Amino acid sequence: MSESDGLDSLRVTALAEDSVLYESPCLGQHGVSFLVEGTKNSDVVRILVDVGQNSQALLSNMKLMNVSPLTIDAIVLTHCHYDHTHGVVNMLKEIGKGDIPVVAHPDIFRPHFFSDPCLRHVGVMQADSEEKIKKTGARLCLAKDPVVLMSGIMTTGEVKRRTNFEGISMGLKTIENGRVKDDPMLDDISIVANVNGKGLVIVTGCSHAGIVNIIKHAIELTGCEKIEAIIGGLHLIDASETRIKRTIESLSELNPAMICAGHCTGFKAQVELYLAFAEKFSPLHTGMKFEI
Ligand SMILES: [Fe+2]
Ligand SMILES: [Fe+2]
């Protein structure tokens, strides 16, 4: 991605997150949803990244924030988890356009469950199945490769695992060819935007691929090493102290101008991020808006 391929500006709005801003009338929920709006010349593309798990709360927040579902051009689902995908069919009905692209990894509809303390499916719910999404008229774009959403914004596609400290540690399972196996969450994708004169803005769902892996992948994809912002979940809530420490060391080397992390980031990691990045770090809340 050369300078001329970048965006003139980018706006990211947190439509849903576990917490809300102080005195905000918005509703929190366990899950995330972002509106990512890219502007280039006179073109504006509005991408809904994830839908949380509670469409009523999401739609209520959208109304409060003056975001009409009718203006959404595409949906990206960052991974299968119900707290990012539940209600996507409802949302597509609200958007009410045929052929709207829904971008995700091809494995997103696989069986995906915990067995501890008892069997529980935590992937895409039946109400949001592949068939039901297609029935709304939406166009599923399932790709392991990066998908360009507009010149200057793309998905990461499947993220190459490079670090030796960012494994999956949640006891998640899947079934492949009739065999139960650990789920490596290869479907975890993020959004990468390149803003002219600023650098990369990376918007993540849960960063199950590992935030350092994701950033390095984004740098490789775009050729841009300047990181303007990291916004989203970092899934360090169940990480060891060693992993948190090594993640923060790597992030410090990558030198982002801003990190705004919440959802599954976890309190301990948020504290360590604040200690390392001071005012460059902020916890993520529903209702936050970033103009880049
Ligand atoms: Fe999540
Ligand atoms: Fe997740």
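Order of appearance sets the numbers: ligands from 1, and atoms from 1 within every ligand. Here the structure is a predicted model, which is why all the values come from computation and not from measurement.
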Item to check | Residue list, salt bridge (charged side-chain N to carboxylate O under 4.0 Å, His left out) with Arg161, at least two apart or on another chain | outcome: none
Checklist entry - Less than 4.0 Å between a side-chain N and a carboxylate O, is that true for Glu131 and Lys135? => result no
Checklist entry - the Fe ion (ligand 2): which protein N, O or S atoms are under 2.8 Å away? => result His79 NE2, His81 ND1, Cys206 SG, His208 NE2
Next on the checklist: Rounded to the nearest 0.5 Å, what separates atom CZ in Arg246 from atom OG in Ser240?
Outcome noted: 10.0 Å
Next on the checklist: Any non-hydrogen side-chain atom of Phe165 less than 4.5 Å from a side-chain atom of Ile244?
Outcome noted: no
Which atom pairs, one a donor and one an acceptor, fall under 3.5 Å between side chains of residues 152-159 and the rest of the protein, sequence neighbours left out?
unit_1, atom_1, unit_2, atom_2, d
Thr155, OG1, Val147, N, 2.8
Thr156, OG1, Ser190, N, 3.0
Glu158, OE1, His105, NE2, 2.6

Checklist outcome for this item: Contacts satisfying side chain to side chain donor-acceptor pair (under 3.5 Å) that involve residues 66-76 (not counting sequence neighbours) are none
